[in-house]
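Report on the structure given below.
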Protein chains: 2
Amino acid sequence: MSGKNILIIEDEAAIREMVSFALGKAGFNLREASDAAEAEELMAEQLPDLILLDWMLPGMSGIELARRFKRDEYSRQVPIIMLTARSEEDDRVGGLEAGADDYVTKPFSPRELVARIKAVLRRAQPEGEGEMLEADGLVLDAASHRVSVEGKSLDLGPTEYRLLKHFMSHAERVFSRGQLLDAVWGRNSFVEERTVDVHILRLRKVLGLHGRDRLVQTVRGAGYRFSAQ
Amino acid sequence: MSGKNILIIEDEAAIREMVSFALGKAGFNLREASDAAEAEELMAEQLPDLILLDWMLPGMSGIELARRFKRDEYSRQVPIIMLTARSEEDDRVGGLEAGADDYVTKPFSPRELVARIKAVLRRAQPEGEGEMLEADGLVLDAASHRVSVEGKSLDLGPTEYRLLKHFMSHAERVFSRGQLLDAVWGRNSFVEERTVDVHILRLRKVLGLHGRDRLVQTVRGAGYRFSAQ
DNA sequence: AACCCATGTTACAGCTTTGTGACAGGCAAA
DNA sequence: TTTGCCTGTCACAAAGCTGTAACATGGGTT
């Protein structure tokens, strides 16, 4: 759990220092940015395992920055914890909407922050990187973002790809629509559960073109399951 | 998502009532305890799907109780949401450390509580390692929501599945129709007791296709029992 | 045997869940 | 800007499930 790379984007030096001290003691690796530009530079240099993002930043607001990160295919996988002042608490929904995975209210204790970070990292962990997944002749190569059957590659949209990847890395397991929303769309996306059905349909259509549509199964009253059976 | 069983452990009657009302309307099933002893009794009777636990309790503190639940092999899988007063906010870290999955600060709105509960329930699911039940060659895998005999999957409807799961996790025990309604249909369902008979029949039919119909036995005047004998 | 009552069975209308096609808006590439 | 892909939602269709009533069966009693 430790040794993880964390990026803090915060303009108040005092807070940066406090966090730096606390996280250092907890065994984390911290890089600091005081504004959006600096942050993007560091992001480009090396993707952190988690981002601590201040709500209010000079120039671009934290929420806007979060939205930008979550829009990008590469940086979207990095979990974000928003740092908000108590008076901004009511806006927290906006933060969650923008893609934040959690938020911490200032003033916060170092212990709380560390606990939150660990919790979020734990949740994010299961996403495997750069692996190869296979099931019934269907091959997913995470590194190249490609899925193929017998050498022929499938034409999947981004969401279908993520959905399939999630299914393939958790084969045999039933997921409710809500769980799929959490896992594939991200926590706190304000999307109708039925939207999942539609994407399941789209995914099945593509798989069907290669005779593999039965891989995605409906479990009535429970959700969906990916299985080679 | 509804029909879930929730246990609230809270000494203030006013809060219990408010929560009871809110959760009832959201389709949850609520049981109430006002102290630790009562809570443990209800826990022993039937494990809930989620626990709402007040921080301050007469006798044993909520945090201590949470720790106890999380220590027990049986009850550790149940997610806990702590209810804390604003003044106790600083201690929330302790709650998370004790094993709480989330916390809600009093005063809270019913909507927020319901949202939190749903979020935690969704999240909690994946944690529960695939529970496997077995009896006389009949295998039930909770993670994949699948029941099979000799590798062949049975085609069960949602209610049949839940009924069978309940039976298998309490083999040898006789349940009255009323108890089955409580456990499988939920405490506030308005369903005729004879409906149970019909579902027992349906379940038996499916089991019968695989030569296992004798597993569900009638105990005249008492109810039904699942037994490998 | 006649009867009572608990349980087994069947049929079905209504309801819930899921599948599907269409569509408007958003975003990015050209 | 235009074009083309992707997305999220709806509305409607299709499936599948559910609860009940009504009738059948069968064991146990008197």
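Chain letters run A, B, ... following the sequence lines, proteins first and then strands; every chain starts at 1.
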- Query: Is any N or O donor-acceptor pair between the side chain of A:Arg194 and the base of D:dT9 shorter than 3.5 Å?
  - Reply: no
- Per the atom types in the model, does the base of C:dG19 pair as donor or acceptor with the side chain of A:Arg202 at under 3.5 Å?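 Answer no: no donor N or O sits under 3.5 Å from an acceptor.
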- What about B:Phe175 and B:His166, are their ring centers closer than 6.0 Å?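 Aromatic pair counts; centres sit under 6.0 Å.
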Under-4.0 Å side-chain N/O to phosphate OP1/OP2 contact, [X] with [N]:
X	N	value
B:Thr159	D:dC17	no
B:Trp185	D:dT18	no
A:Lys205	C:dG21	yes
A:Arg177	C:dT18	yes
A:Arg204	C:dG19	yes

From [atom1] of [X] over to [atom2] of [N], roughly how many Å is that when rounded to an integer?
X	N	atom1	atom2	result
B:Asp155	D:dC17	CG	P	7 Å
A:Tyr224	C:dG19	OH	C1'	8 Å
A:Phe190	D:dT7	CZ	C1'	18 Å
A:Leu201	D:dC10	CG	P	17 Å
A:Leu163	D:dT7	CG	P	11 Å
A:His199	D:dC10	NE2	C1'	14 Å
A:Glu192	C:dT17	CD	C1'	15 Å
B:Ile200	C:dA6	CD1	P	17 Å

- Message: Once you apply a heavy-atom cut-off of 4.0 Å, does B:Thr218 come out as touching a base, just sugar-phosphate, or nothing?
- Response: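 Here B:Thr218 touches the backbone only, sparing every base.
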- Message: Under 4.0 Å, counting only non-hydrogen atoms across every strand here, what does A:Glu160 touch: a base, just sugar-phosphate, or nothing?
- Response: sugar-phosphate
- Message: Is any side-chain heavy atom of A:Val191 closer than 4.5 Å to one of A:Val196?
- Response: no
- Under the ring-ring contact (aromatic ring centres under 6.0 Å, His included) criterion, do B:His145 and B:Tyr161 qualify, and how do the steps go? CA-CA 8 Å; B:His145 234 256; B:Tyr161 174 82; 4.0 Å; yes
- Taking the side chain of B:Pro158 as heavy atoms from C-beta outward, which of D:dT9, C:dG21, D:dT18 is closest to it?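 Nearest listed nucleotide: D:dT18.
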- Query: Where the side chain of B:Val198 is concerned, which of D:dT20, C:dT18, C:dT7 is the nearest nucleotide?
  - Reply: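 Among D:dT20, C:dT18, C:dT7, the one nearest the side chain of B:Val198 is D:dT20.
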- Query: Would you say the side chains of B:Arg31 and B:Ser20 form a donor-acceptor pair under 3.5 Å?
  - Reply: no
- Determine whether the side chains of B:Ser144 and A:Glu172 contain a donor N or O and an acceptor N or O closer than 3.5 Å.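 No, no side-chain donor-acceptor contact under 3.5 Å.
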- Hey, which of these two, A:Asp197 or B:Arg220, hits DNA chain C nearer its 5' end, going by closest nucleotide? B:Arg220
